[in-house]
2 protein chains.
Amino acid sequence: MKSMASTSDKILDIAQSLIVAGGYNGFSYADIADAIGIRKASIHHHFPAKAELVAVLVDRYTKQAAAGLQSLREQAASPADQLQLYIDYWRSCIENASQPFCVCAMLASEMQMLPDEVALRVRTHFRNLAAWLTSVLRAGVEQGLFRLDKRPDEQAQMLMASVHGAMLSARALGDPGLFMAIVAPEIARLRDT
Amino acid sequence: MKSMASTSDKILDIAQSLIVAGGYNGFSYADIADAIGIRKASIHHHFPAKAELVAVLVDRYTKQAAAGLQSLREQAASPADQLQLYIDYWRSCIENASQPFCVCAMLASEMQMLPDEVALRVRTHFRNLAAWLTSVLRAGVEQGLFRLDKRPDEQAQMLMASVHGAMLSARALGDPGLFMAIVAPEIARLRDT
DNA sequence: CGGGACCTTCCTACTAGTAGGTAGACAACA
DNA sequence: TGTTGTCTACCTACTAGTAGGAAGGTCCCG
């Protein structure tokens with residue numbers, strides 16, 4: 001039997017999938033209410049304002065991502081495998097169309113008109129991801145697995161941009177396979193061998 | 001004396017800057033009307049429906065881009081210079097914050113909820129840009145300027161993703177310089193020398 | 001030349017519907 | 001008993017879009 005998700009979790013789940021599809025202005029309280037079968041006012045009970053809902057949502061996403069990335073570092077043997085598992089995660093998300101875009105990448109594109117409380121949290125996720133990639137690349141260099149043209153932090157920014165750009169191209173051209181076609185050579189190029 | 005822009009051009013100009021800032025759902029007819037000092041209804045005279053306005057806007061953008069890229073191919077001596085001028089264009093847009101994002105990249109992120117007439121045109125722009133990059137890379141290889149790891153069309157997709165991802169990172173982290181920090185090494189890596 | 005007929009552009013005033021958000025009642029439950 | 005969660009009912013502001021008309025220009029016909 002499936003675990004019973006709380007109403008506020010259900011609200012956040014639906015809101016996240018709606019943001020992934022259409023961004024901050026692409027969904028409404030009415031959309032969420034219809035999707036989970038409650039009234040608009042009940043959502044306001046859990047999240048008084050939209051900006052607050054999205055801020056909590058991004059906080060939750062950032063925590064989940066941090067935990068997921070940390071567990072990759074613990075379970076995967078080598079930095080090369082860690083990187084591979086990271087992009088495999090997004091490959092499966094995009095190919096089965098479950099969450100075919102990073103919610104923070106989506107929100108980042110709208111950064112200029114986001115409420116401050118949301119924008120700050122989106123920025124934090126970008127910093128966290130860049131830091132994780134940097135540390136994986138650095139570890140890989142130390143173990144002689146990677147040979148980088150640039151500093152690890154610079155290479156991490158390049159890699160992060162490739163991943164987000166690949167998501168965008170896959171979506172724009174309606175070709176899920178394009179994600180790996182772009183990202184796979186990019187990480188292959190880091191390998192020393 | 002400056003050329004007098006027609007009202008419909010002014011509408012498209014404002015709409016484009018509003019889309020760059022906040023996407024398809026991030027602006028309204030009222031926003032445009034306020035910005036250029038006319039009434040909402042007058043905008044409906046020029047563009048009866050919002051989807052049509054944006055479709056015309058993307059058509060115009062695609063034509064301008066095609067013309068601009070074509071003139072780069074004619075005025076720049078080598079494929080390497082053509083590529084450099086292309087990214088220099090975006091560098092200046094991002095650094096002086098005039099149009100710090102590609103309107104089609106913005107719309108592509110919202111692809112899933114865009115009206116069909118808009119989505120199709122956004123896809124066309126992505127195809128055009130990929131084709132231009134492919135032909136520049138191919139010409140560069142023929143002239144011995146580039147050495148590519150992959151086929152020119154694959155390498156073009158990788159480069160396009162880097163450019164869009166770099167725009168996103170620059171926006172997310174509020175660091176205009178990040179765009180060139182990501183893109184410059186990416187094109188340097190293509191060079192044979 | 002005069003004068004319709006027409007067209008373009010913009011206006012005021014309006015519609016139906018949706019946005020985020022609020023007030024207060026009711027039920028379950030610790 | 002107070003707390004939590006949900007509801008109905010409502011609000012104001014805003015959404016895209018429409019109706020109808022005023023002002024002005026253009027073109028053609030007499």
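Each chain gets a letter, A, B and so on, in the order its sequence line appears, and its residues count up from 1. Since we're looking at a predicted model, the values are computed, not measured.
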Engineer: Without decimals, in angstroms, what is the distance between F27(B) CZ and dC14(D) P?
Structural biologist: 17 Å
Engineer: Starting at CD1 of I36(A) and ending at P of dG5(D), how long is that distance when rounded to a whole Å?
Structural biologist: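 Rounded to the whole Å, the gap is 13 Å.
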Engineer: If you count every heavy atom of other residues, nucleotides or ligands that lies below 6.0 Å from R39(A) atom CZ, does the total exceed 12?
Structural biologist: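 For R39(A), atom CZ is not crowded (no more than 12 foreign heavy atoms under 6.0 Å).
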Engineer: Send over the distance from I43(A) CD1 to dT4(D) P, rounded to a whole Å.
Structural biologist: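 Nearest whole value for this atom pair: 20 Å.
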Engineer: Let me know the distance between NE2 of H44(B) and P of dC14(C), rounded to the nearest Å.
Structural biologist: 17 Å
Engineer: Nearest 0.5 Å, what's the OG-CE distance between S162(A) and M160(B)?
Structural biologist: 12.0 Å
Engineer: Are L120(A) and V54(A) grouped together when hydrophobic residues (ILVMFWY) are joined by side-chain heavy atoms under 4.5 angstrom apart?
Structural biologist: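 No; V54(A) is not reachable from L120(A) via cluster members.
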Engineer: Check this for me: N96(A), atom CG, are more than 12 non-hydrogen atoms of other residues, nucleotides or ligands nearer than 6.0 Å?
Structural biologist: yes
Engineer: Mind calculating the distance between CZ (F47(A)) and P (dG5(D)) to the nearest angstrom?
Structural biologist: 11 Å
Engineer: What nitrogen or oxygen pairs link the protein and nucleotides 6-11 of chain C at under 3.5 Å?
Structural biologist:
unit_1	atom_1	unit_2	atom_2	d
dC10(C)	OP1	T7(B)	OG1	2.7
dC10(C)	OP2	H46(B)	NE2	2.5
dC11(C)	OP2	R39(B)	N	2.7
dC11(C)	OP2	S42(B)	OG	2.7

Engineer: Let me know the distance between NZ of K50(B) and C1' of dT15(D), rounded to the nearest Å.
Structural biologist: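 Rounded to the whole Å, the gap is 9 Å.
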Engineer: Among the nucleotides dG20(C), dA16(D), dT15(D), which one has an atom lying closest to any side-chain atom of A30(B)?
Structural biologist: dT15(D)
Engineer: Would you please test M106(B) and E110(A) for side chain to side chain contact (heavy atoms under 4.5 Å, CB included) and show each step?
Structural biologist: CA-CA 8 Å; M106(B) 194 71 201; E110(A) 307 175 290; 3.9 Å; yes
Engineer: Is the phosphate of dA19(C), meaning OP1 or OP2, less than 4.0 Å from a side-chain N or O of S28(A)?
Structural biologist: yes
Engineer: Measure the distance from CG on N25(B) to P on dG20(C) and round it to the nearest whole Å.
Structural biologist: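 Between P of dG20(C) and CG of N25(B): 11 Å.
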Engineer: Could you state the atom-to-atom distance from OH of Y29(B) to P of dT15(C) in whole Å?
Structural biologist: 21 Å
Engineer: Does a salt bridge link K10(A) with D13(A), judged by any charged N lying under 4.0 Å from a carboxylate O?
Structural biologist: no
